[in-house]
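To start, the structure itself, in structure tokens.
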Amino acid sequence: MPHDSPHPDEHDHAPDDPSFASRPAIGARALRELLEEAGVLAPGEVARQVERMDTITPALGARVIARAWVDPAFKAWLLADGSAAVRTFGVDMGATPLHVVENTETVHNMIVCTLCSCYPKPLLGIPPDWYKSVEYRARAVREPRAVLAEFGVRLPEGVAVRVHDSTADLRYLVLPRRPEGTEGWDEARLAQIVSRDCMIGTALPHA
Amino acid sequence: MSPRFAPGAAVRVARERPAVSRGRQHIRTPHYVRGLTGTVAEVVGPFRNPEGLAAGEDGLPMQVLYRVRFPLGAVWDRYGGDPSDTVDVELYEHWLEPAHAA
């Protein structure tokens, strides 16, 4: 409804992208320029890192899970030394070791970072907005079952919820249980049913 | 450096900041477990102390990092989930002291 605006002239002054002129955006740009001037960052380094990060999607993590489902030796390695195991997929966890937690018949794992938004970015990419929300961060440790129910996850009787608060140097990945009805599936097909939320612990894979 | 606590040990989280952490702005110990007793689920190993790293220092001496498990029923009054539900929190050794009851 372009003609409904009581102050049509305002459009002459509005920037094309409001977020580009927001206070945090201006602050980040100023900081980046200062760091480039001081030689701490190379020109374009931030943009290249952002581009690189944007190429990583949860499909990468799903391939790791599918491999663990079909290859017991890889699964054992993944649980013992996650960072080393995912290196075979070209993933470099850097200074934050990958800690993989396995769902079993009696334990369901769920990941949160109550202090900020720690997330295994080299493996899953950028976290979803809800993962960074104050609401998820507070409620995941306070009432995890209520949060799971809102995600549509209802656990069978006798399954304990084990929340992992990613407060420090580790990054977490949930290894879901391979669902029934997937016997004989190859890795590529299995990877299709492993969603991002399955690897955070707020969803379960289904055949 | 050898870890002070072994897996299965009962540990209490300091309620007040330990001397090493006073005046720091980047504390990684969540408030909701301060003063509580948990069980060492895993000894992760030594890391540079992020409280110092965040201030542009070298983070030395290193601190042993643990994953400590707390029953959610002991963390929250009137926890509405199952008594078997737990939370694992990453905690550095200088925030922990021995406890006798889990």
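Chain letters run A, B, ... following the sequence lines, proteins first and then strands; every chain starts at 1.
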* Answer with side chain, backbone, both or neither: which region of H108(A) has an atom nearer than 4.5 Å to a non-hydrogen atom of chain B? => neither

* By a 4.5 Å heavy-atom criterion (distance strictly below it), what part of L170(A) contacts chain B: side chain, backbone, both, or neither? -> both

* Is any side-chain N of the basic residue among D85(B) and R162(A) closer than 4.0 Å to the acidic one's carboxylate O? -> no

Would you indicate whether the side-chain heavy atoms of [Y] and [X] approach each other to under 4.5 Å?
X	Y	answer
Y92(B)	D169(A)	yes
H164(A)	E90(B)	no
R145(A)	D82(B)	yes
P144(A)	L72(B)	yes

* **Closest non-hydrogen atom pair between F47(B) and A95(A), with its separation** => CE2-O, 4.4 Å

* Asked: Which atoms form the tightest heavy-atom contact between L115(A) and P30(B), and what is the distance?
  -> CD2-CA, 4.3 Å

* Asked: When rounded to the nearest 0.5 angstrom, what is the spacing between NE2 in H26(B) and SG in C116(A)?
  -> 7.0 Å

Of the backbone (N, CA, C, O) and the side chain (C-beta and beyond), which part of [X] lies under 4.5 Å from a heavy atom of chain A, both, or neither?
X	answer
N49(B)	neither
Y32(B)	side chain
V33(B)	neither

* To do: Indicate yes or no for a side-chain donor-acceptor contact from W76(B) to the backbone of E143(A) under 3.5 Å, with no hydrogens or angles considered.
  => no

* Distance-only, no hydrogens or angles: does the R28(B) side chain make a donor-acceptor pair with backbone N or O of T167(A) under 3.5 Å? -> yes

* Asked: Does CD in E183(A) sit with more than 12 non-hydrogen atoms of other residues, nucleotides or ligands closer than 6.0 Å?
  -> yes

* Heavy atoms from other residues, nucleotides or ligands near CG of D129(A) exceed 12 (cutoff 6.0 Å) -> no

* Side chains of D88(B) and Y172(A): donor-acceptor distance under 3.5 Å anywhere? -> no

